[in-house]
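Below is one structure, written out as structure tokens, with a few remarks after it.
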Amino acid sequence: TILFCVFKFQKWDSIQLIVDSIFITVAIIWLLWILLFDKQYSALGFLSQDSIINTLSIITDVVQLIVITIWYLSIRAGKIPIFFRIVSGAIFFYSILDLFYFYSIWKSTYTPNTLLDFGYAATLLGLAVGTKLFYVQFPTGYKIQSKSNSNIGHLYKGILMFAAPILVVIFKGFVWFDLFFFGVLILFHETFSSYIQTSVNNMALLEREQTLNQDLEMRISERTHNLQQKNEELIYLSEHDQLTGLYNRRYFIQRLDQLVNAAAPNKKIALLLWNIDRLKGINDTYGQSVGDKLIAAIAMRVNNLTEEKDTLARLGGDEFVLALEGVTEKKAVESFAKRIIDVCGTPITIGQYTFHITVGMGISIFPVCALDADTLMKNADIAMRFAKDTGTNGRMSFYNDIDAVIKRKRLVASYLKKANFAQELSVHYQPQFCIADMSLVGMEALLRWNCPALGEVPASEFIPIAEEENLIIPIGNWVIDKAICQISSWNHEYNTNLKMGINISPKQLDQTDVLEVMNASIHLYNAEVSWIDIEITEGIAVDNDDKAARMRQFFQDQGISISIDDFGTGYSSLGYLNMLSFDRLKIAKPLIDRIAIDETSVKIVYSIIGLAKSLGIQTIAEGVEAKEQFEMLLDFGCDQIQGFYLGRPVPPESFQSTFLSNGFIEFPSTSISVTGLSL
């Protein structure tokens, strides 16, 4: 019991316990002083005269009464175990019986074998029962529970303190001093207890508030941490490409601007910009998911080459960019760029497919090529497109290396915009012959430009510029007019049906009035539509099936024939011949150049001619420059021929005097020579 109380008291409020102990002790001692000792000091002599054992027994009984009463009356919360109720009750009543026993001895009224002795036996039985219940309920030992008894809260048992004055009244009558003493004692106890309980409750509220604040702070800290994580995730998503994990366009542009603005004097920044060739075709053929995996694989490979200070990003689609800081040597940049091109070119296996990827790269260097981030990006893009178009230097170009080319391009464009067509432009004509009898069947109109400031500008240089600057439509319309005028003049003058081949650009075909322009010239010069042959490139025919079919029907309805120019250089789409049924096929010069030295080219040209014949399409070989080529084409059954071997492009006067004024020139196949036909 003592150990149990010690463990319990450890969790109690000590001040309240002291107050309870003082007032209850005083109340019990005063009650015993009144009831047992009649407030007579002679009774104390009885204690001193009796044996020390009896004296200690009386003191022990009093202490037990006080302790048990303090314990019971101080409990304000919690449930007392049943075993402790029985044990403490038995001890309490034992102490009362024992004190009554000594009181009987003092008054000489003790009688053996009375209810007093039975009471002793009953209390001992109670002790035995309580002890047994303890071991039954707690066989391994009693553990103090976290929600055990406490002396905090309202004291419902406090009313039992009024039992003391009631007992005094019952046994001693109305003794006003004693009643007043107990009343004051109860009043002081309740006053002090109320103050202590209020303080304890306030402390509990304060501790609870502190606990709540700590919990709130912890929740706020966790929420702040979560928000920080979310913000970091959002920042990451806003700065990175989801497919590759590289930086995205938005972040890279900001980063490049920071690098340029913070660059120290003489500090260089190299910008490498590249994209994957023919990715759209891969997506269309194998699916978008395969294309995405291909992009991710390229990104991983290049990222493994970079250092922490480098900034690698995916700008979108198939385009990537890399900023290299602290670059000093152009050779180092070129070497790193070649490593990127090589690692991209290493075969990539995705599932059951293996891809051999090529890329085109442009490089611009700050401050050599540009002084701000936007211009640096633009110049790298220009260099990349130049590398892809020319295919030079391993498909890699430095902007400062092509600066002269770009300036020349801009210069040509500026003069072309101001060109006087009548004074600067001219049309040359290259003859086309039937290879069987070497009779003249027509000519191709080829544009020439003699710029007063630049001199003779090759068509291969200024026509692409005219396409880019949207000058090709007025220039093309001018060529159509000149060519139709010329063929009408020659055919009427010499009573012939020669065909005039006129090259038409994609942009001319896109305009709605191209036929109106052509018809206007036909009517103006009294020409026949059968004298005109429209030459379009293979790419135009293949890129859009529906458009090509409509275009074929469009010119066929007018009686104008169509030739596919430069066939075999880009697509080798033999299946389109049957689908679109063009009138004539012009075999590209690169294939003709190699038929005398390359067996594969021989097979390709032979197959093209054979397939065209089976479909009823005429063939014409362009760019024939050697006797061996001519003889092989004759053996293959090619229908027509065009090239320097038989005639160069010449002005209309020279063409007329050479091929028309003296009648058609027939060239015996055994005596043809380049020397005899160099005009």
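Values below: all heavy atoms of this structure, side chains included; hydrogens, waters and symmetry mates excluded.
When each of T311, L256, L273 is tested with V321 by the rule side chain to side chain contact (heavy atoms under 4.5 Å, CB included), just one qualifies, namely L273. Checked against F320 for a side chain to side chain contact (heavy atoms under 4.5 Å, CB included), the options I276, I340, L315, V302 give a single hit: I276. Of the options E622, K589, Q430, a side-chain hydrogen bond (donor to acceptor under 3.5 Å, both in side chains) to Q642 is made by Q430 and by none of the others.
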S561/R584 under side chain to side chain contact (heavy atoms under 4.5 Å, CB included): CA gap, chis, key distance, verdict: CA-CA 8 Å; S561 63; R584 188 170 62 166; over 6 Å; no
Test side chain to side chain donor-acceptor pair (under 3.5 Å) applied to N400 and K330, step by step: CA-CA 11 Å; N400 51 337; K330 178 181 175 181; 4.7 Å; no
Given the rule in the side chain to side chain contact (heavy atoms under 4.5 Å, CB included) test, do I298 and D318 qualify, once you have shown the distances and angles that lead to the verdict? CA-CA 10 Å; I298 292 291; D318 60 355; over 6 Å; no
Criterion side chain to side chain contact (heavy atoms under 4.5 Å, CB included) on K267 and E325, from CA distance to verdict: CA-CA 8 Å; K267 181 179 180 180; E325 298 182 57; 3.6 Å; yes
Residue pair I617, L611: steps toward the side chain to side chain contact (heavy atoms under 4.5 Å, CB included) verdict: CA-CA 9 Å; I617 301 174; L611 180 60; over 6 Å; no
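You'll find the side chain of K417 reaches within 4.5 Å of the side chain of L471, heavy atoms only. Side chains of L416 and V457 form no contact here, defined as non-hydrogen atoms less than 4.5 Å apart. A 4.5 Å side-chain heavy-atom check between D277 and N275 finds at least one atom pair inside the cut-off. Looking only at side-chain heavy atoms (C-beta outward), I480 and I532 stay at 4.5 Å or farther from each other. The shortest distance between side-chain heavy atoms of V333 and F398 falls below 4.5 Å. With contacts defined as side-chain heavy-atom distances shorter than 4.5 Å, the pair Q629/Y645 does not qualify. V479 has its side chain out of reach of N503: every pair of non-hydrogen atoms, C-beta onward, lies at least 4.5 Å apart. Side-chain contact check for L646 versus V624: every heavy-atom pair is 4.5 Å or farther apart.
The nearest pair of heavy atoms linking G360 to M384 is O-CG, 3.3 Å. When all heavy atoms of G245 and H240 are compared, the closest pair comes out as O-CD2, 3.2 Å. Residues T346 and R301 come closest through the heavy atom pair O-NH1, 2.7 Å. Taking every heavy atom of both residues into account, E461 and P464 meet most closely at O-CD, 3.6 Å. Listed here is the closest heavy atom pair of I641 and I620: N-CG1, 3.9 Å. Pairing each heavy atom of S426 with each of L447, the nearest pair is O-CD1, 3.4 Å.
From I502, atom CD1 reaches atom CD of E444 across 10.5 Å, with rounding to the nearest 0.5 Å. How far CD1 of I473 is from CD of E467: 9.0 Å, rounded to the nearest 0.5 Å. Atom CZ of F355 sits about 10.5 Å away from atom NZ of K293, to the nearest 0.5 Å. The line from CD of E334 to CG of D401 is 8.5 Å long, rounded to the nearest 0.5 Å. In this structure, S601 OG and I595 CD1 are separated by 8.5 Å, a value rounded to the nearest 0.5 Å. Atom CD1 of I382 is separated from atom NZ of K378 by 5.5 Å, given to the nearest 0.5 angstrom.
S335 contributes no side-chain N or O that, together with a main-chain N or O of A332, makes up a donor-acceptor pair within less than 3.5 Å. Listed for the N303 side chain is no donor-acceptor partner under 3.5 Å among the backbone atoms of A299. A donor-acceptor distance shorter than 3.5 angstrom exists from the side chain of N379 to the backbone of C369, with no hydrogens or angles considered. At least one donor-acceptor pair under 3.5 Å links the side chain of S364 to the backbone N or O of L376. Although no hydrogens or angles enter the test, the distance criterion places no donor-acceptor pair under 3.5 Å between the side chain of R250 and the main chain of I253. Side-chain N or O atoms of N231 include one that pairs as donor or acceptor with a backbone N or O of L227 at under 3.5 Å. A donor-acceptor distance shorter than 3.5 angstrom exists from the side chain of D310 to the backbone of E307, with no hydrogens or angles considered. When atom types are taken as modelled, the side chain of D583 and the backbone of S563 share no donor-acceptor pair closer than 3.5 angstrom. Of the possible donor and acceptor atoms, one in the side chain of N226 sits under 3.5 Å from a partner among the backbone N and O of E222.
By the 30° and 60° cut-offs, the orientation of the rings of F421 relative to W478 is perpendicular.
Using a cut-off of 4.0 Å between Lys/Arg side-chain N and Asp/Glu carboxylate O, R385 and D381 are scored as salt-bridged. Ion pairing of R255 with E239 is absent here, as no side-chain N (NZ or NE/NH1/NH2) approaches a carboxylate O to less than 4.0 Å.
For K482, the NZ atom counts as loosely surrounded, since its 6.0 Å shell holds 12 or fewer non-hydrogen atoms of other residues, nucleotides or ligands. No more than 12 heavy atoms of other residues, nucleotides or ligands sit less than 6.0 Å from atom OH of Y606. Annotation: Q242, atom CD; neighbour count of heavy atoms from other residues, nucleotides and ligands within 6.0 Å does not exceed 12.
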